[in-house]
Amino acid sequence: MENRIQLNTNLSLSRIIHGYWRLRDWNLSDQELLKLIEEILELGITSFDHADIYGNHTCEAYFGRALALKPELRKKMELISKCGIKLNTNVNPGLDVKIYDYSSEYIIQQAEASLKNLGTDHLDLLLLHRPAPFFNPEEAAKAFDQLKQSGKVLNFGVSNFSPMQFDTLQSYLDLPLATNQVEISVSCLEHFENENIEFFLKHKIKPMVWSPLAGGSLFKPETEKEHRLYSVLKEIATELDVERIDKVMYTWLLKHPVSALPIVGSQHIYRIKSAVNSLKIDMTLEQWYKIYIASKGEELP
Amino acid sequence: MENRIQLNTNLSLSRIIHGYWRLRDWNLSDQELLKLIEEILELGITSFDHADIYGNHTCEAYFGRALALKPELRKKMELISKCGIKLNTNVNPGLDVKIYDYSSEYIIQQAEASLKNLGTDHLDLLLLHRPAPFFNPEEAAKAFDQLKQSGKVLNFGVSNFSPMQFDTLQSYLDLPLATNQVEISVSCLEHFENENIEFFLKHKIKPMVWSPLAGGSLFKPETEKEHRLYSVLKEIATELDVERIDKVMYTWLLKHPVSALPIVGSQHIYRIKSAVNSLKIDMTLEQWYKIYIASKGEELP
Amino acid sequence: MENRIQLNTNLSLSRIIHGYWRLRDWNLSDQELLKLIEEILELGITSFDHADIYGNHTCEAYFGRALALKPELRKKMELISKCGIKLNTNVNPGLDVKIYDYSSEYIIQQAEASLKNLGTDHLDLLLLHRPAPFFNPEEAAKAFDQLKQSGKVLNFGVSNFSPMQFDTLQSYLDLPLATNQVEISVSCLEHFENENIEFFLKHKIKPMVWSPLAGGSLFKPETEKEHRLYSVLKEIATELDVERIDKVMYTWLLKHPVSALPIVGSQHIYRIKSAVNSLKIDMTLEQWYKIYIASKGEELP
């Protein structure tokens with residue numbers, strides 16, 4: 001399987017992406033984080049997924065400090081961030097509830113904050129973090145236009161959008177949205193049911209995929225569904241002669257014709273290698289469906 | 001905020017619309033109704049919302065009698081009506097159940113009845129009242145064509161349609177549908193959830209909005225949801241220094257980028273003024289979301 | 001009512017279609033089946049609906065043996081088949097679960113098997129049997145292209161697809177999909193609720209309809225819904241002066257502007273005649289809605 005995916009004429013990402021949602025929990029020194037980044041780059045993973053809010057707005061600066069130790073690495077990587085969620089934490093004193101802000105001012109402000117925190121002069125890709133009930137596509141289009149003109153952001157996309165939400169924003173833009181980052185895993189079939197998978201195929205959108213291992217829930221199965229899935233994943237791991245079920249979960253995702261780009265959120269290089277090595281594994285259609293059926297808990301109609 | 005909205009090149013409506021669903025309950029003499037109409041016009045409200053069936057087919061004639069007392073007012077107003085619902089009342093003897101009839105004959109017949117009852121030679125806007133399981137878009141297109149050619153109806157729209165229903169009818173028409181009249185209020189978020197809001201933004205459709213005050217249910221809160229909303233609305237009324245929660249509800253609606261046109265269904269001029277005055281009020285994005293969150297009963301994801 | 005429907009420029013089907021889902025249960029000799037086919041053709045029914053998997057892959061060969069007794073009949077008929085479901089029966093030894101296979105190889109293999117079993121050199125129409133979570137439209141497009149080029153299949157369609165699924169596959173094809181075969185009956189209103197009916201009207205797709213008599217469930221009503229429907233159907237049968245409720249059910253379906261083509265799955269010529277004769281019956285809009293309302297169990301909004 002190809003280890004890079006072309007999202008549009010200007011942007012290609014590594015098929016496996018590394019994500020920094022939990023970076024603060026890893027307790028790495030800047031030097032250790034730099035070492036991890038270098039090891040990841042050596043695996044062929046060049047795309048790094050961030051968001052302004054990760055770690056209550058601390059993770060991007062963390063990554064930036066590590067990158068500053070070896071700034072020449074920037075040229076070897078694609079940096080991705082997200083904006084739009086406004087947390088009711090110390091970062092926004094006086095804000096009583098979490099809200100979404102997609103005013104052009106806030107989008108631009110947060111993109112610029114990401115640049116500063118990451119220590120870079122451009123983002124390769126900026127995503128709107130979540131669809132919002134209060135959303136003015138004209139404001140987003142205006143922000144994208146300014147960020148593009150100034151060279152601060154090269155490509156734009158969305159996250160967790162439905163087909164109609166994607167279509168609506170797209171209709172206000174000249175450039176095609178590069179991707180929609182959504183949750184897909186053997187345990188989360190939501191986008192098989194809300195028609196996003198079909199929409200992606202129709203428009204040849206390659207989705208970035210968050211939580212591709214279902215947040216680790218299947219490593220210690222508790223619910224009936226988790227036990228069903230665990231048992232089938234173990235069985236197929238044996239059939240495929242792979243030692244761990246995470247490889248089966250990645251293979252299940254990578255085999256699908258939608259060309260998903262899973263985001264691996266681990267600090268452990270052996271886990272990250274599992275994802276990369278899954279690119280070389282194949283499974284049968286029957287194995288793919290056995291996992292799907294175990295997840296649904298019922299046979300196909 | 002603008003006090004008029006352009007729905008298409010031929011039609012602009014006042015941002016606040018006056019509606020006659022409950023006209024019969026108001027117990028006004030023709031003279032009193034005329035006085036109300038004149039006061040409303042003086043507020044800048046020029047658009048009047050009717051339907052053939054309101055008051056069991058009596059409200060349009062009621063309005064028509066008042067207008068006949070001062071026919072020159074017709075030129076200052078836009079008259080809107082709806083058709084398609086066939087009531088199983090004395091109006092349709094022998095009909096056992098309420099049905100929808102969107103045959104071209106029935107659409108034309110009811111539009112002509114509205115003209116006669118309102119005492120006018122044209123409607124500015126005619127809406128199909130509800131989507132129907134038995135619906136032939138060719139019949140509707142034929143009726144629209146004849147009514148347009150004869151000058152009896154200048155613009156056409158729909159009410160309570162989904163995106164697909166709107167698209168389907170539109171694909172049979174040469175002219176763009178002018179609007180979709182739907183229910184939206186702090187209490188009714190249905191069209192935030194069925195993708196109509198996104199569809200409106202995509203196609204720059206400005207929705208007329210019925211029941212913008214949730215039928216008055218929040219003035220005497222009973223359910224848990226109503227209490228949640230009431231409490232937040234009161235709090236924000238204080239913050240905005242407005243005396244009444246209806247202004248907060250109108251402001252919440254008017255602030256949204258979809259450019260909604262609320263239909264005020266009250267006979268009380270002070271309540272109608274509340275709506276008009278809300279055009280001058282603004283609220284913060286946080287206030288907007290606090291209301292939305294109170295309505296949903298859960299934080300944003 | 002027309003007794004033929006043009007699906008596209010190349011393909012017209014008889015308005016009533018005969019279906020062979022349960023052929024094996026009929027216990028007919030080849031000679032008896034031939035006689036049935038001839039009687040059906042005399043009724044003006046020329047379209048015959050099959051699927052590779054019917055009768056665990058035996059029905060097509062059954063029909064083929066009867067047709068081989070009088071091969072000149074082939075020219076008078078349209079043969080329709082379906083593929084994509086892979087049964088976990090003796091036909092596919094080693095397959096543990098039922099899966100869907102829409103690889104181009106499998107589509108072509110199964111279309112060719114249908115040709116061989118039916119004893120014909122071409123199918124008039126081939127349908128993808130069900131939408132699948134693992135579906136690569138490029139594979140289907142490749143198979144359709146090869147089957148079309150070789151003259152083995154003249155037209156293509158789908159079955160049980162949603163609007164988005166239909167749209168997605170269509171976007172990969174040069175030729176228009178000819179139809180979508182779905183379940184509709186007085187008892188199954190699913191496609192009134194998932195927007196397929198609107199989608200069909202928008203794109204002028206005429207749906208083939210399976211289970212138009214709700215699998216016979218209404219002849220012996222058991223549930224509350226079945227009793228409600230039975231009672232209304234009986235009442236309307238009396239009003240229309242027809243002896244049997246199946247005619248009422250067919251008339252309800254045929255009257256709808258979507259131009260449905262019901263598939264009759266009976267071996268009894270008198271039942272098949274009921275369907276054909278329903279083409280001459282009309283019902284009022286009120287009767288149509290009474291049945292719809294009885295099925296929903298609630299009045300129209």
Side-chain angles (χ1 to χ4, degrees), chain A residues 51 53 82 84-89 92-107 109 128-142 158-173 177 180-183 188 190 194-196 199 210-211, chain B residues 1 161-167 184-207 228-229 231-232 235-236 238-239 251-260 282-301:
Chain A
I53 58 166
K82 315 184 193 75
I85 299 177
K86 211 162 179 170
L87 299 176
N88 56 328
T89 63
N92 294 296
L95 188 67
D96 293 339
V97 290
K98 179 169 74 170
I99 67 170
Y100 303 147
D101 188 343
Y102 291 110
S103 65
S104 62
E105 290 76 13
Y106 193 68
I107 294 172
Q109 172 193 311
L128 303 188
H129 207 145
R130 284 198 170 272
F134 192 101
F135 184 68
N136 187 343
E138 281 182 11
E139 289 283 309
K142 194 170 127 191
V158 294
S159 186
N160 306 302
F161 271 43
S162 73
M164 179 73 84
Q165 290 160 344
F166 191 102
D167 253 355
T168 297
L169 176 55
Q170 183 61 71
S171 72
Y172 282 75
L173 306 175
L177 290 165
N180 187 0
Q181 182 177 127
V182 295
E183 183 182 8
C188 174
E190 176 188 346
N194 67 9
E195 308 212 302
N196 241 336
F199 183 78
W210 59 273
S211 222
Chain B
M1 214 173 274
F161 271 42
S162 74
M164 180 73 82
Q165 289 160 344
F166 190 101
D167 252 355
I184 310 177
S185 72
V186 299
S187 196
C188 174
L189 303 180
E190 176 187 347
H191 297 282
F192 287 91
E193 283 148 20
N194 67 9
E195 309 212 299
N196 240 336
I197 296 280
E198 283 88 350
F199 184 77
F200 296 156
L201 287 167
K202 181 177 174 193
H203 295 284
K204 301 184 173 63
I205 298 160
K206 279 83 171 186
R228 273 199 319 265
L229 272 167
S231 149
V232 167
E235 179 191 317
I236 294 173
T238 305
E239 290 170 11
T251 302
W252 182 86
L253 194 57
L254 291 164
K255 182 183 172 68
H256 194 280
V258 81
S259 300
D282 194 13
M283 59 170 56
T284 66
L285 197 55
E286 182 181 4
Q287 287 165 334
W288 194 92
Y289 272 109
K290 274 186 176 170
I291 294 167
Y292 183 86
I293 291 164
S295 182
K296 296 276 282 182
E298 56 184 30
E299 287 190 17
L300 297 177

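The sequence lines fix the lettering, A, B, ..., with proteins before strands; numbering per chain opens at 1.
Listed by sequence position, Y100(A), D101(A) are the residues of residues 100-107 of chain A in contact with chain B, using a 4.5 angstrom heavy-atom cutoff.
Under a 3.5 Å cut-off, the side chain of E286(B) and the backbone N or O of I99(A) do not form any donor-acceptor pair. For the pair K202(B) (side chain) and Q165(A) (backbone), a donor-acceptor distance under 3.5 Å is absent.
Contact annotation for I293(B): only side-chain heavy atoms (C-beta onward) come within less than 4.5 Å of a heavy atom of chain A. Proximity to chain A (any heavy atom under 4.5 Å) is restricted, for Y292(B), to the side chain, taken from C-beta onward. Both the backbone and the side chain of P133(A) come within contact range of chain B, judged by heavy atoms closer than 4.5 Å.
To the nearest 0.5 Å, atoms CG (L285(B)) and NZ (K86(A)) are separated by 7.0 Å. Between the CD atom in E198(B) and the CG atom in D167(A) there is a gap of 11.0 Å [rounded to 0.5 Å]. Once rounded to the nearest 0.5 Å, the distance linking NE2 of H256(B) with CG of N136(A) reads 8.5 Å.
Using a 4.5 Å heavy-atom cutoff, the side chains of K204(B) and Y172(A) are in contact.
Closest approach of P257(B) and F135(A) over heavy atoms only: CG-O, 3.5 Å.
Other residues, nucleotides and ligands place no more than 12 heavy atoms under 6.0 Å from the CD atom of E299(B).
When each of E138(A), R130(A), E139(A), Q170(A) is scored by its heavy-atom pairs under 4.5 Å with chain B, the top score falls to R130(A). The choice from D96(A), L169(A), T168(A) that makes the most heavy-atom pairs within less than 4.5 Å of chain B is T168(A).
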